[in-house]
Every structure is written in structure tokens, then in C-alpha cells.
Protein chains: 2
Amino acid sequence: MTQTRRRGAALEEAILRAAVEELTESGYAGLTMDKVAQRAGTNKNAIYRRWPNRLALGVAAYRLLTTAVQPPDTGDLREDALELLRRANRHWSSPLGAILRELMAAAGGATEFLAQLPEQSTDTMAATWLTVLGRAVARGEAAPEALHPRVATVAIVLLRNEFVVRGAPTAPDEVLVEIVDEVFLPLVRQRGIDRGTPSL
Amino acid sequence: MTQTRRRGAALEEAILRAAVEELTESGYAGLTMDKVAQRAGTNKNAIYRRWPNRLALGVAAYRLLTTAVQPPDTGDLREDALELLRRANRHWSSPLGAILRELMAAAGGATEFLAQLPEQSTDTMAATWLTVLGRAVARGEAAPEALHPRVATVAIVLLRNEFVVRGAPTAPDEVLVEIVDEVFLPLVRQRGIDRGTPSL
DNA sequence: CAATTAAGGTACTTCTCGTACCTTATCCTT
DNA sequence: AAGGATAAGGTACGAGAAGTACCTTAATTG
């Protein structure tokens, strides 16, 4: 009757799978240890032996839901930047984005958790944007001084701010265009260099 | 024995005062309805007749703790900007800033609460920065095109991002300087105008 | 085969929000 | 001044989850 008792990795996977399902169905707020245990066909002890608390489990499950993507390479900085912002916009306004926000809220300022959220990590974001910018510099579209994490990530930071301030709904595309044209591009073409084509 | 029973405004003030004390002593996490009621010498009913839930009470109490300040006017845009960032830096890394972050976390994306937090409201921040920038434009230190909420608030948004990403500790002054010199000033002197003195 | 390690099963403690319901004081109107 | 209307006080309780304790039982390992 009782199928063979799972342990180790097999059980861990079952728990994570259950957590992922709960997370997608009910969000982090609905992720309860009892439900995960029940869904995984085990009990809370097995969970607490692996993760110290609910948040840690939630973060672990969330990470399974996201996959790294390649930076765009359209040959035009403006298009690359817009594409990155549009991706972020879609993600943040999707159900997954809602979960991400819940997790960030639950983490409060606990950097040990925040660092595990890919969209949250400065390094991940900086790397992506520096890649795109680096190509633009090579093409002569941006000044080499712009190859600086603080400068490179300006656009995505501004977009994230939109979500923090305005809440969930998708930012209109005009906002993204404005961020790129009013802030990002003027900034990376820095200091009167003025060599690129004034696109649009 | 029983002093005269308070009602209306008097009782409301007593509750808010108690909430403020709990908030400063124990943070939002430690703000329980029972403790507030007890401290105010009343009971939870009186609270729930006035605020729909704990978060609303927390936000109301927090607002009593903050006071609006005047934008600086040193006669130099760079100094004004740094001063604004330093103020924000102090606030965010103070106990009050910790409470603010707790409240924002508890609010999740609920804009109806977020809008009530002064440091959070786009309007408040934009107004302050536009004032400072407006004076700089009048002085010829910044381009008139910079008088745009998205551009004007870039610096403070970047600083807030530091707190989101790095957590509570005070940002080093170099970060503020970097934000101002690498992002804010180049941006507002926009499009190769290049008339100001390159301060520092 | 024995010893050790990890799972399963259950029950429980603790917290705290939010409600329900009744009694009692204060206010306001006639 | 009386008598309703309104708001406070008191108390208890339901509900939801987190995290813990402790014991039994199966799988692994030597």
C-alpha cells in the first residue's frame, strides 16, 4: 500500500515541486507549510529539516521558476535597451512578478534572501546591461565612461521604481520609451559627445 | 476611581500616541493591536472602529513621526542635490527608515497605503527635486529640459535602489557623490550644453 | 544483522488578527 | 430633566499558520 519511502534528493525534489505548485497557484501568501507537506505526500518535519523557514522555501521554489536569458543584440543600443525594459516590464507585471514582489516584501531588508532572487541581484542586472552597453561602445554609440554599473543600470532601476511606486499594472510603453530617451540615452552619450544618430 | 471615559478625538489621539510609542519601541513587527489597546488604556474595539486593520494604524502612526522639511537652497545645484541625498540617506538608515521599510513591505503593492507614505509618494519627491532644479535652471546650471519629474528624481530613485538592494546600512558618502556626479549632473546639464563649472 | 540515519505521524504551543456580543458611560435632543 | 442614541469598555473566542517535540518506523550502511 505504502509505496517505498522516499528520502534524500528524491524527497527534496518532491517538496520543491509541491512548493512550486502552491506558489504558482496561490502565491507566496498562500504557500503554507502544511499544504506543501500534504501536497508532497510528506510532513512538515521533512521540510524543516531542509529549509529553516517558510521564506527560504519560497525563495528556493521561486528560483526554479525563472530561467536566465541572453541579452538582446539588435545592433542598436536604443532597441536593446527597450527590449530589456520590455522584458522586465512583462516579467514584473506577470504572475511571477507578483510572487517576486511578495518574496521581496517578506524578505524585508534581509540581503541574504534578496541576493538569491535573480531579478534582484545587482550583479545579474549589471552584467546584462554592461554587455549591451559594451557592444554599443564598440559601435561608437555610447561613451566608454558609461561602462559603469551605476550608469548602466539606470534604466532598469527607474523601471523598477515605477513598480514600487505604482504597484502591479504593466507600465505603458511610453514610460519605457521615456526612460530610454530622456534618461538612459542622454546619459550614456555623455558629455556632449553627440555622435550617434538621434533615433526617432 | 475610573477617570472620565474618553471618546471621539481624545480617545483617537490616545490610541495614536500609543501606536507611535509601540512603533518606535518595537517597530511595525512589534505593533500588535492588543498592546496598543492596552497602552492606550482602551481595547481593540475602539481601534477597529477607527482603522480597518493593523497596517492602516501603522501607517497613520508613522505619519505622525515624520515632518515635512524645506528643500535646501545653497545656490549650487551639486550641493543642493547632495544635501537632499544625505537627508534621505540619514532617514533611510535611521530607525524611522527601518519602520518605513517594514510598512512598505507590509503594504505589498497596495498603492492606497503607499501613497500615504510621504517619502514614498512620487509627488512629494518630485516637487522637492523640481524646486531645487528649477532654481538651478534659473541660474543657468541646468538645462530647462531637465525640468521633468522622471529626470529630476533620478538621483533619489537610485539612492532608494541602494537600500532595496543592499539593505539597511547607511550608504557611504561616495555613493551619493557618485550618483550626483556620474548620473544626476551629467543628465541635467543635458545635450552638450556644458556651461557649469566642473565642481570637484 | 546491527546500528545509524532519515521519514512519517501527530499533537501541541504560541501568536495575533479580527469578530461577536453584551454592558455601561456620555452626549444630545426634545 | 428624561430618555434615546451613540460610542466605550470588557471579555471571550474563532481561525490560521508557524514552528517544535517526540515517538515510531523504514531504509541505508558497515
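Atom set for the values below is all heavy atoms of this structure, side chains included, hydrogens, waters and symmetry mates excluded. Nothing here was measured: the structure is a model prediction, and the numbers come from that model. Below, read A as the first sequence line, B as the second, and so on, with proteins coming before strands; counting in each chain starts at 1.
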Polar pairs (N or O, both sides) under 3.5 Å between protein and nucleotides 19-23 of chain C?
| from | atom 1 | to | atom 2 | distance (Å) |
| --- | --- | --- | --- | --- |
| C:dA20 | N6 | B:Asn45 | OD1 | 3.0 |
| C:dA20 | N6 | B:Asn45 | ND2 | 3.3 |

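Under the 6.0 Å distance and 45° angle rule, A:Arg54 counts as a cation-pi partner of A:Tyr28.
Look at CD on A:Gln38: it is 12 Å from P on D:dA17, rounded to the nearest Å. Remark: C1' of D:dT20 and CZ of A:Arg54 are 17 Å apart, rounded to the nearest angstrom. As rounded to whole Å, 11 Å separates atom C1' of C:dC15 from atom NZ of B:Lys35. Distance A:Leu57 CG to D:dG19 P: 11 Å, rounded to the nearest Å. Computed from coordinates, the A:Leu55 CG to D:dA17 C1' distance equals 15 Å when rounded to whole Å. One can place CD1 of A:Ile47 at 12 Å from C1' of D:dG19, the figure rounded to the nearest angstrom. For the pair B:Leu11 CG and C:dT24 P, the computed distance is 19 Å after rounding to whole Å. The distance from atom CE of B:Met33 to atom C1' of D:dA15 is 17 Å, rounded to the nearest whole Å.
Here the side chain of B:Ser94 pairs a donor or acceptor atom with the backbone of B:Gly97 at under 3.5 angstrom. Proximity of a side-chain donor or acceptor of A:Lys35 to a complementary backbone N or O of A:Ala18 within less than 3.5 Å is not detected. Remark: the backbone N or O of B:Thr74 is paired with a side-chain donor or acceptor of B:Asp80 at under 3.5 angstrom. Using modelled atom types, no side-chain atom of B:Thr42 and backbone atom of B:Gln38 make a donor-acceptor pair closer than 3.5 Å.
Taking only side-chain atoms of B:Asp34, from C-beta outward, the nucleotide of C:dA7, D:dG9, C:dC17 with the closest atom is C:dC17. Minimum atom distance to the side chain of A:Thr32 is reached by D:dA17, of the listed C:dG8, D:dA8, D:dA17.
Summarising the local packing, CZ of A:Arg166 is surrounded by 12 or fewer heavy atoms from other residues, nucleotides or ligands at distances under 6.0 Å. Within a 6.0 Å radius of CD in B:Gln70, other residues, nucleotides and ligands contribute 12 heavy atoms or fewer.
In terms of position on DNA chain D, the residue among B:Ala9 and A:Gly30 whose nearest nucleotide sits closer to the 5' end is B:Ala9.
Across all strands, B:Leu31 comes closer than 4.0 Å only to sugar-phosphate atoms, never to a base (heavy-atom distances).
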